[in-house]
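Any value given below was found using the heavy atoms of this structure, including those in side chains, with hydrogens, waters and symmetry copies removed.
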Amino acid sequence: MANNDRGMNGAVPGLGRRFIGALGSIRGPASPRLWTPVLPPGRRIVLPGRGEAFVRDHRPAGVAGPPVLLLHGWTWSLDVNYFAVMPELVAAGIPFVGFDQRGHGRGLPAGRPFEVADLAADAVAVLDHFGIARVLVCGYSLGGPVGLHLALAHPERVAGMVIAGAALSYRQSLRDRTVWRVLSGAAPLARLGVGSSMPARYFGASRRASAELAQRWPWVREELARTTVSGALTMARAVSRYDLRDRVASLRDIPVTAIVTTCDTVCAPRWQRQLAGQVGARTVELPDDHDVPVARPDAFAAAVLGGVGGIRDRLPG
């Protein structure tokens with residue numbers, strides 16, 4: 001792909017075309033389930049003052065080191081984002097905990113407007129529920145900003161970070177700012193049910209080009225449908241206001257690996273490199289678009305496991 005750094009400012013399909021175009025769609029009947037991933041058991045927990053959260057918690061007794069905290073991307077869920085990563089963490093003997101964020105999957109209700117910092121507070125509530133003192137944060141897309149806010153607010157609780165496909169701000173181009181304005185005005189459509197297939201439509205081209213994704217698609221589509229358009233739009237307003245540029249220098253004190261998706265048409269690679277530079281991260285490149293966790297899950301899982309393993313090796317015993 002030429003000029004991969006254009007992100008949303010180039011001619012390639014980006015967030016505006018792929019997500020806003022989907023607002024005119026109505027979700028149809030679910031396809032028959034043909035494939036499901038093998039995942040650790042999930043359950044609901046009650047977070048005081050917040051509500052019920054859906055979590056997957058795999059922390060075998062006797063395993064040393066902080067667990068990995070899995071934070072998923074916008075309009076996705078824990079399972080959609082990390083269905084290939086969780087089994088690999090289990091096989092490698094690496095403990096982890098993950099959950100569906102507000103308004104997404106089976107997560108906490110979105111409720112009134114909130115900020116990305118509130119999502120980090122949700123993550124802290126999950127850690128407190130399980131009595132987890134420190135974690136190695138793994139955040140993809142939206143999960144990256146949530147992890148950054150968590151590390152800034154509670155540096156003593158973050159042993160390291162793996163951030164992928166994320167930026168310090170999503171308002172750094174005219175196209176980005178236009179997209180957020182259009183999405184913020186789409187709330188009335190949500191009440192009419194318009195746009196309910198928005199997350200699924202993003203993967204249209206990928207699933208037509210990939211036989212593997214086509215096989216997984218009934219499960220992926222069903223999982224994406226758990227995220228309501230109202231929840232996604234409430235989250236979009238929070239993401240559109242988020243800006244940590246020149247505010248993350250203190251994170252240079254912790255080990256960070258940034259996975260840069262170099263063909264990304266949603267989060268421009270130059271903004272990902274900006275984040276990596278400001279936090280002093282080691283960078284790993286994936287020649288993929290923003291849908292890599294679903295379109296090429298094995299490659300994504302290998303990159304995440306490499307980043308997690310590299311940081312765990314650097315931590316004191």
- Query: Among the clusters formed by ILVMFWY side chains lying less than 4.5 Å apart, do Val308 and Val63 turn up in the same one?
  - Reply: no

- dist Ile259:CD1 -> Ile163:CD1 (nearest 0.5 Å) comes out at 10.0 Å

- If every non-hydrogen atom of Ala295 is compared with every non-hydrogen atom of Pro297, which pair is closest and at what distance? C-CD, 3.4 Å

- Note on the structure: Between Ala159 and Ile254 the two heavy atoms that sit nearest each other are O-CB, 4.5 Å

- Would you check if Val68 and Met86 make a side-chain contact, meaning some heavy-atom pair closer than 4.5 Å? no

- Query: Is any side-chain heavy atom of Val239 closer than 4.5 Å to a side-chain heavy atom of Pro145?
  - Reply: no

- From CA spacing to verdict: salt bridge (charged side-chain N to carboxylate O under 4.0 Å, His left out), Arg59, Asp57: CA-CA 6 Å; Arg59 292 177 297 130; Asp57 174 35; 2.6 Å; yes

- Message: Looking only at the aromatic ring of each residue, does the gap between the centers of Tyr140 and Tyr82 stay below 6.0 angstrom?
- Response: no

- Which value, rounded to the nearest 0.5 Å, describes the distance between Leu89 atom CG and Leu305 atom CG? 5.0 Å

- Task: Please test Leu78 against Arg56 for side chain to side chain contact (heavy atoms under 4.5 Å, CB included), starting from the C-alpha separation and ending with a verdict.
- Result: CA-CA 9 Å; Leu78 171 68; Arg56 295 194 189 275; 3.8 Å; yes

- Should Asp100 and Arg44 be marked as a salt bridge (charged side-chain N to carboxylate O under 4.0 Å, His left out) after you check the CA-CA gap, both sets of side-chain angles, and the distance that decides it? CA-CA 10 Å; Asp100 287 348; Arg44 293 185 180 276; over 6 Å; no

- Note on the structure: For Asp289 and Thr265, the nearest pair of non-hydrogen atoms, with its separation, is OD1-N, 2.8 Å

- May I ask you to decide whether Glu115 forms a salt bridge with Arg241, counting only side-chain N to carboxylate O separations under 4.0 Å? yes

- Note on the structure: All heavy atoms of Asn81 vs all of Pro293, minimum pair found to be O-CB, 3.5 Å

- Evaluate the criterion side chain to side chain contact (heavy atoms under 4.5 Å, CB included) for residue pair Arg312 and Ile94; output intermediate values, then yes/no. CA-CA 10 Å; Arg312 284 173 64 88; Ile94 298 175; 4.0 Å; yes

- May I ask you to check whether Phe203 and Trp76 place their ring centers less than 6.0 Å from one another? yes

- Is there side-chain contact between Val284 and Val260, with heavy atoms separated by less than 4.5 Å? no

- Task: Any ring pair (Phe, Tyr, Trp, His ring centres under 6.0 Å) involving residues 53-72? Give me the pairs, sequence neighbours left out, ordered by first then second residue.
- Result: His58-Phe96, His72-His104

- Query: Between Asp264 (side chain) and Cys267 (backbone), is there a donor-acceptor pair under 3.5 Å?
  - Reply: yes

- Task: Indicate yes or no for a side-chain donor-acceptor contact from Gln272 to the backbone of Thr261 under 3.5 Å, with no hydrogens or angles considered.
- Result: yes

- May I ask you to decide if Ala133's main-chain N or O and Arg157's side chain share a donor-acceptor pair within less than 3.5 Å? yes

- Measure the acute angle between the ring planes of Trp219 and Phe83, then classify it against the limits of 30° and 60° as parallel, tilted or perpendicular. perpendicular

- Please round to the nearest 0.5 Å and tell me the distance separating atom CZ of Arg134 and atom CG of Leu127. 12.0 Å

- Message: If you define the side chain from C-beta out and look only at heavy atoms, does anything of Val279 sit under 4.5 Å from Leu275?
- Response: yes

- Message: On a heavy-atom basis, which atom in Gly231 and which in Ala110 lie closest, and how many Å separate them?
- Response: CA-CB, 4.2 Å

- Query: Roughly how far, to the nearest 0.5 Å, is CD of Glu212 from CG of Asp298?
  - Reply: 9.0 Å

- Task: Give the intermediate values and the outcome of side chain to side chain contact (heavy atoms under 4.5 Å, CB included) for residues Leu148 and Met161.
- Result: CA-CA 9 Å; Leu148 291 173; Met161 304 183 72; 4.0 Å; yes

- May I ask you to test the Leu136-Leu69 pair for a side-chain heavy-atom distance under 4.5 Å? no

- Item | Rounded distance [0.5 Å steps], CG in Leu224 versus OG in Ser77 | 7.0 Å

- Name the one of Leu119, Val124, Leu244 that satisfies side chain to side chain contact (heavy atoms under 4.5 Å, CB included) with His149? Leu244

- Task: Enumerate the residue pairs fulfilling salt bridge (Lys or Arg N to Asp or Glu O under 4.0 Å) with a member in residues 102-113, sequence neighbours excluded, ordered by first and then second residue.
- Result: Asp79-Arg106, Arg102-Asp122, Arg106-Glu223

- Message: With a 4.5 Å cut-off on side-chain heavy atoms, are Arg247 and Gln278 touching?
- Response: no

- Are Val158 and Phe130 joined in one hydrophobic group, where the rule is that I, L, V, M, F, W and Y side chains link up if heavy atoms are under 4.5 Å apart? yes

- Side-chain (Thr262) to main-chain (Glu285) donor-acceptor, under 3.5 angstrom: no

- Check: Leu142 and Met235 side chains under 4.5 Å, non-hydrogen atoms: yes

- Let me see the working for Arg207 and Arg221 under side chain to side chain contact (heavy atoms under 4.5 Å, CB included), right down to the final yes or no. CA-CA 11 Å; Arg207 72 176 185 267; Arg221 187 179 189 277; 5.9 Å; no

- Would you confirm whether Arg216, through its side chain, and Val294, through its main-chain N or O, come within 3.5 Å as a donor-acceptor pair? yes

- Note on the structure: Rounded to the nearest 0.5 Å, the CG atom of Leu108 sits from the CD atom of Gln101 at a distance of 9.5 Å

- Can you find a pair of side-chain heavy atoms, one from Leu70 and one from Phe99, that are under 4.5 Å apart? no

- Message: Tell me if a side-chain donor or acceptor on Ser210 pairs with a main-chain N or O of Ser206 at a distance below 3.5 Å.
- Response: no

- I would like to know whether His290 and Ser141 meet side-chain hydrogen bond (donor to acceptor under 3.5 Å, both in side chains); could you show each step before the answer? CA-CA 8 Å; His290 204 71; Ser141 192; 2.9 Å; yes

- Item | Smallest separation among heavy atoms of Ala301 and Val85, with atom names | CA-CG2, 3.8 Å

